[in-house]
Visitor: 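Can you read through this structure? Questions will come right after.
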Amino acid sequence: MAKIIDGKQISMELKDELKERVAEYRAQGIEITLAVIQVGNDKASSVYVGNKKKACEYIGIHSLSYELEEDTTEEELLELIQKLNGDDRVNGILVQLPLPEHIDEDKVIETIDAKKDVDGFHPMSVGALSIGKKGFISCTPYGIIELLQRSGTEIDGKECVVIGRSNIVGKPMSMLLLRENATVTVAHSHTKNLKEVAKRADILIVAIGRPQFIDHEYVKEGAVVIDVGIHRDDNNKLCGDVNYEDVFPHVSAITPVPGGVGPMTIAMLMKNCVNAVEIQK
Ligand code: NAD
């Protein structure tokens, strides 16, 4: 019987550990502060921002909230980021994406001080990860490593296939798996014979953004499957990139959607905020 990797429970354990670390810092007179910036009032973004603030509150991180109008100019946003870069009380700066079309996201990400880049999207953070230096790590793939480790999945020496090569999931995922001594293959939309490639995996990580695309024909018997995708199906129910029911009898462990990778992302943002204290020393 396959094991269900419970992201909800693991993220709670992690948040409780972080709460203790925050309390220890506070006892030393160190307060951790995250600045959260949202431009416009996209509904999904408001929900994400709300959840991030709630997590801060739970852990004991002070959050500063900047809710800017949709027509805020790029210059105004960059000015605010620069102000926060220079504010010693602020440990982390998070700009909720996506941004309105008139604002260049890359420019915004690159303006955030790399020492405060708790999303791990800055080119300096990405570079540090790729050469094994200390830095912030993109929260979703960072959370997947935590899920694998805490569910007792050995990564060292394993064949890992990551399907998807985005800057925020697939690429950093492959670097993190390499760091854990896995043999890593990255597959994407131009990969030939995807089923055969995916079937090599002891650990298959799926981040393609296509509802229930991966069925048992892509999965080796006994593999561990991590589903990053998140969608609504025809009945408005949440589902992933993996056809869970079809794949389940063939795997040794799998993450559900919801309740798998999703809850880990915010927990890892919190971990990055706590790590910021060390990174900024
Ligand atoms: P993306 O669209 O940026 O990248 C998708 C990748 O999949 C691309 O590299 C593309 O080459 C590859 N791909 C697309 N179709 C393919 C196919 N048929 N065969 C092989 N490869 C294919 O997406 P992303 O930002 O990496 O996100 C992927 C999914 O994960 C989405 O469903 C997204 O909503 C979800 N997501 C979830 C979380 C979370 O916290 N749970 C975080 C980020 C993303």
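The figures that follow rest on heavy atoms only: side chains count, while hydrogens, waters and symmetry mates do not. Remember, it's 1-based here, ligands and their atoms both numbered in the order they're listed. Note that the structure is predicted; figures quoted are calculated from it, not measured.
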Visitor: Give a yes or no on whether Glu13 atom CD has more than 12 heavy-atom contacts from other residues, nucleotides or ligands under 6.0 Å away.
Guide: yes
Visitor: Please check: side-chain N/O of Gln280 versus main-chain N/O of Lys115, any donor-acceptor pairing under 3.5 Å?
Guide: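 Checked: pair present.
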Visitor: Take every heavy atom of Gly262, measure it against each atom of ligand 1, and state whether any distance is under 4.0 Å.
Guide: yes
Visitor: Which atoms of ligand 1 have any heavy atom of Phe213 under 4.0 Å away?
Guide: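 Answer, ordered by atom number: 18 (N).
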Visitor: Counting only N and O atoms by type, is there a donor-acceptor contact under 3.5 Å from the side chain of Asn243 to the main-chain atoms of Asp215?
Guide: no
Visitor: Could you list which atoms of ligand 1 come closer than 4.0 Å to a heavy atom of Gly229?
Guide: 29 (C), 30 (O), 32 (O), 35 (C)
Visitor: Just heavy atoms, cut-off under 4.0 Å: does Ile208 contact ligand 1 by side chain, backbone, both, or neither?
Guide: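 Near ligand 1, Ile208 shows its backbone as well as its side chain.
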Visitor: With a 6.0 Å cut-off (strictly less than), is the heavy-atom count around CG of Asp16, excluding the residue itself, greater than 12?
Guide: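 Count over threshold, so yes.
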Visitor: State, yes or no, whether a side-chain contact exists between Tyr48 and Thr265 at a heavy-atom distance under 4.5 Å.
Guide: no
Visitor: Kindly indicate whether a cation-pi arrangement holds for Lys199 with Tyr218, taking the cut-offs as under 6.0 Å to the six-membered ring centre and within 45° of the axis.
Guide: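 Lys199 over Tyr218 ring: no.
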Visitor: Just need the protein heavy atom nearest to atom 31 (C) of ligand 1, so name the residue and atom and give the distance.
Guide: Gly209 CA, 3.6 Å
Visitor: Nearest protein heavy atom to atom 40 (O) of ligand 1, by residue and atom, and its distance?
Guide: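 Ranking protein heavy atoms by distance from atom 40 (O) of ligand 1, first comes Thr265 OG1, 2.8 Å.
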Visitor: Could you check atom 37 (C) of ligand 1 against the protein and tell me its nearest heavy-atom contact, residue, atom and distance included?
Guide: Val228 O, 3.1 Å
Visitor: Give a yes/no on ligand 1: does Ala207 have at least one heavy atom closer than 4.0 angstrom to it?
Guide: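 Right, Ala207 reaches ligand 1.
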Visitor: Under 4.0 angstrom from ligand 1, any heavy atom of Ile230?
Guide: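 Ile230 counts as a contact of ligand 1 under the 4.0 Å cut-off.
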Visitor: With a cutoff of 4.0 Å, is His190 in contact with ligand 1, counting heavy atoms of the residue only?
Guide: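 For ligand 1, residue contact (heavy atoms, under 4.0 Å) with His190 is absent.
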Visitor: Below 4.0 angstrom from a heavy atom of Gly164, which ligand 1 atoms are there? Numbered from 1 as shown, please.
Guide: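 Going through ligand 1 atom by atom, the ones under 4.0 Å from Gly164 are 6 (C), 7 (O), 9 (O), 12 (C).
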Visitor: For atom 44 (C) of ligand 1, which of the options Thr140, Asp241, Thr191, Val169 provides the nearest non-hydrogen atom?
Guide: Val169
Visitor: For Val90 and Asp87, what are the C-alpha separation, side-chain angles and deciding distance, and is it a side chain to side chain contact (heavy atoms under 4.5 Å, CB included)?
Guide: CA-CA 6 Å; Val90 174; Asp87 186 338; 3.9 Å; yes
Visitor: Hey, which atoms in ligand 1 end up nearer than 4.0 Å to a heavy atom of Ile163?
Guide: 20 (C), 21 (N)
Visitor: Between the side chain of Thr153 and the main-chain N/O of Gln149, is any donor-acceptor distance below 3.5 Å?
Guide: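 No, Thr153 side chain to Gln149 backbone: no donor-acceptor pair under 3.5 Å.
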Visitor: Starting from atom 4 (O) of ligand 1, locate the nearest protein heavy atom and write down its residue, its atom name and how far away it is, to 0.1 Å.
Guide: Ser166 CB, 3.7 Å
Visitor: Check ligand 1 against His231 and write out every atom of the ligand that is under 4.0 Å from a heavy-atom position of the residue.
Guide: 32 (O)
Visitor: Does atom 21 (N) of ligand 1 have a protein non-hydrogen atom under 4.0 Å from it?
Guide: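 At least one protein heavy atom is under 4.0 Å away.
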Visitor: Please determine whether the number of non-hydrogen atoms from other residues, nucleotides or ligands lying under 6.0 Å from atom CE of Met175 exceeds 12.
Guide: yes
Visitor: One pair to check against side chain to side chain contact (heavy atoms under 4.5 Å, CB included): Ile254 and Phe248. What are the steps and the verdict?
Guide: CA-CA 7 Å; Ile254 186 165; Phe248 190 83; 3.8 Å; yes
Visitor: By number and element, which atoms of ligand 1 are closer than 4.0 Å to a non-hydrogen atom of Leu194?
Guide: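 This gives 19 (N), 20 (C) as the contact atoms.
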Visitor: So which heavy atom in the protein is nearest atom 16 (C) of ligand 1, and how far is it from that ligand atom?
Guide: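 The closest one turns out to be Arg210 NE, 3.9 Å.
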Visitor: Should we count NZ of Lys54 as having more than 12 external heavy atoms under 6.0 Å?
Guide: no
Visitor: Starting from atom 9 (O) of ligand 1, locate the nearest protein heavy atom and write down its residue, its atom name and how far away it is, to 0.1 Å.
Guide: Arg165 N, 2.8 Å
Visitor: Can any side-chain N or O of Asp119 pair as donor or acceptor with the backbone N or O of Phe121 at less than 3.5 Å?
Guide: no
